[in-house]
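Data block below; observations after.
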Amino acid sequence: MPELRKDPIVGRWVIISTDRAKRPTDFARDGVKLKGGFCPFCYGNESKTPPEIQAYRPNPNGGPPPQRDSPGWTVRVVPNKFPALGIEGSLSRQAEGMFDRMNGVGAHEVIIETPDHSASLATLPPKRIEDVLWTFRDRILDLKKDRRFKYILIFKNHGEAAGASLEHAHSQLIALPILPIYVVEELEGAKQYYIYKERCVFCDVIRQEVAENQDFLTLAPYAPRFPFETWILPKQHESAFENSSSQLFENLAKALKTLLLKADRVLDNPPYNLVIHTSPVQDPTNDHYHWHIEFMPKLTKTAGFEWGTGFYINPTPPEEAAKFLREASVEEPVPATVG
Ligand SMILES: [Zn+2]
Ligand SMILES: [Zn+2]
Ligand SMILES: [Zn+2]
């Protein structure tokens, strides 16, 4: 008998197939493969992107300060060449009869995670992943100063099937003049729960653990929309990503790397989407919302039933997904000793 489960945060129902539960090998495995060709994100092609917004350029030997839009970087942020929203101008929100409109003002940036075309976020050394996370934080703190923006979403599309148009490892940031509906649903649900229980729902959420380290839990949620959907949450309640204390980033990088490697192992380098859900910029500190990363491998297609109802059919019970991920070994090969 399939099971209906209700997400305790947003109240969304999902159908979990239990009798014909799909195992990792049951999904069509179109693993992400690199095609190569010209790439504007590669080392040496810095002039092929719009001028950079920020970059990390380690300069260990002193010497002259590194130049913008030149090689030598480890993480680089550039404006999206085809932005969804434009950075200039005012919102000019106005009514048109019963309708509301405003100018498409926002920021749309690309975070190039590595100069190396063949690397992926999963295969970067933990220190480099940490640099990517610091870059997210830098960009959020900078864009927060712009009072036109209400929300800053960081997300990643990995693989063509997940919507990536360039295969070079990158994430994106969109600063929005409105709150996105999914975030509003989570905020509202979390607030209601808090009013009722005086506890944070994310701190309480029923979970199947995939992994943990000192500061982070990686888990399958109770009512996931997608097979192998996995969340990473800080163990200590914190409402905004960018407010996390600096020592957390090291363990977040490790938690993220472990999850991505486990998914690559179990699901054969799947395409995936990853989002950081954090508090709105004008409400960064509160007791009811808890920032988190949602990782969604692209294994099923969203079709008429989902579009028409907003509820999802998930062919893999989260308990089983968690078990596969938990048991996947991602031991780093021991580096050969030099000499
Ligand atoms: Zn490249
Ligand atoms: Zn919490
Ligand atoms: Zn969320």
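Counting convention: from 1, in listed order, for ligands and their atoms alike. Numbering of residues begins at 1 and proceeds along the displayed sequence.
- Shown are Phe136, Phe216, Trp134; of these, the ring pair (Phe, Tyr, Trp, His ring centres under 6.0 Å) with Phe249 is made only by Trp134.
- Residue Phe311 is not grouped with residue Val14 when hydrophobic side chains (ILVMFWY) are merged at heavy-atom distances under 4.5 angstrom, including chains of intermediate members.
- For His290 atom ND1 and Cys203 atom SG, the angle they make at the Zn ion (ligand 2) is roughly 110°, to 10 degrees.
- If you look at His168 and ask which of its N, O or S atoms sits nearest the Zn ion (ligand 1), the answer is ND1.
- Ion pairing between a basic and an acidic side chain is recognised when a charged N comes within 4.0 Å of a carboxylate O; Glu294 and Arg225 show such pairing.
- Listing protein N, O or S atoms at distances below 2.8 Å from the Zn ion (ligand 3), with waters left out, gives Glu186 OE1, Glu186 OE2, His277 ND1, His292 NE2, Glu294 OE2.
- One finds a salt bridge joining Lys35 and Glu160 here, because a Lys/Arg side-chain nitrogen approaches an Asp/Glu carboxylate oxygen to under 4.0 Å.
- For His117, the N, O or S atom closest to the Zn ion (ligand 1) goes by the atom name ND1.
- Annotation: cation-pi geometry satisfied between Arg5 and Tyr222 (NZ/CZ under 6.0 angstrom from ring centroid, within 45° of ring axis).
- Taking the charged nitrogens against the carboxylate oxygens, Asp204 and Arg199 do have a contact shorter than 4.0 Å, which makes a salt bridge.
- Looking at Lys156 and Tyr272, their side chains come closer than 4.5 Å, going by heavy atoms from C-beta outward.
- If you look at His237 and ask which of its N, O or S atoms sits nearest the Zn ion (ligand 2), the answer is ND1.
- Contact check on Arg23 versus Asp26 returns no salt bridge, with no Lys/Arg side-chain nitrogen under 4.0 Å from an Asp/Glu carboxylate oxygen.
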